[in-house]
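Reading through the structure tokens given below for one structure.
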Amino acid sequence: SQVQQVEPVETNIVIFRLNPDCSENGFIESLEQDNILISRMGEGRLRMVTHLDITEAMVSRVAGVLKKIS
């Protein structure tokens, strides 16, 4: 897995860090190729945010893409 640590989730925001040997740019670019956008928060932290209109199918698709690039 490329994800090293996920911070506790209390809202619709997921903040995580990648393993040190993973390319942050490569990870972000891989997601962008599947129209999944994430944000850099600095200090190696990345952020994904869900929205009220996100469906279970959309979440499953994102999970599938994450598994594919891991």
Side-chain angles (χ1 to χ4, degrees):
S1 172
Q2 293 186 14
V3 175
Q4 177 185 40
Q5 174 191 12
V6 177
E7 294 184 13
V9 177
E10 296 179 18
T11 65
N12 62 326
I13 299 170
V14 178
I15 299 171
F16 59 97
R17 295 178 188 276
L18 297 177
N19 287 318
D21 60 337
C22 294
S23 164
E24 189 174 296
N25 288 335
F27 184 82
I28 291 170
E29 288 171 10
S30 292
L31 291 175
E32 286 177 351
Q33 290 176 5
D34 282 289
N35 294 316
I36 299 168
L37 305 178
I38 66 174
S39 303
R40 287 183 172 93
M41 295 190 62
E43 300 178 9
R45 296 183 307 159
L46 299 173
R47 180 180 81 151
M48 297 182 86
V49 180
T50 63
H51 183 273
L52 177 65
D53 296 325
I54 300 248
T55 65
E56 187 173 330
M58 292 172 176
V59 172
S60 293
R61 188 178 82 75
V62 170
V65 170
L66 289 169
K67 287 178 184 176
K68 179 178 75 173
I69 65 172
S70 291

Q | Side-chain (N12) to main-chain (H51) donor-acceptor, under 3.5 angstrom | A | no
**Q.** Check: R47 and V14 side chains under 4.5 Å, non-hydrogen atoms
**A.** no
Q: Apply side chain to side chain contact (heavy atoms under 4.5 Å, CB included) to T55 and list each qualifying residue two or more places apart in sequence or on a separate chain.
A: A57, M58
Q: Look up atom CD1 in I69 and atom CD in Q33, then write down how far apart they are to the nearest 0.5 Å.
A: 9.5 Å
Q. What pairs with E24 under side chain to side chain contact (heavy atoms under 4.5 Å, CB included), at least two apart in sequence or on another chain?
A. L18, I28, R40, L46
Q | CD1-CZ distance between I38 and F16, expressed to the nearest 0.5 angstrom | A | 4.5 Å
Q: Can you measure from CD1 (I15) to CD (E10) and round to the nearest 0.5 angstrom?
A: 10.0 Å
Q) Do you reckon V9 sits in the same ILVMFWY cluster as M48, going by side-chain contacts under 4.5 Å, direct or chained? A) yes
(Q) Just to verify, what does V59 make a side chain to side chain contact (heavy atoms under 4.5 Å, CB included) with, not counting sequence neighbours? (A) I54
Q. Taking only residues two or more places apart in sequence, or in another chain, which ones meet D34 in a side chain to side chain contact (heavy atoms under 4.5 Å, CB included)?
A. I36, R61, V65, K68
**Q.** With E7 via salt bridge (Lys or Arg N to Asp or Glu O under 4.0 Å) - residues at least two apart
**A.** R45
Q | Linked, directly or transitively: V6 and L66 (ILVMFWY side chains, under 4.5 Å) | A | yes
Q.
Which residues end up grouped with L52 if you chain together Ile, Leu, Val, Met, Phe, Trp and Tyr wherever their side-chain heavy atoms are less than 4.5 Å apart?
A. none
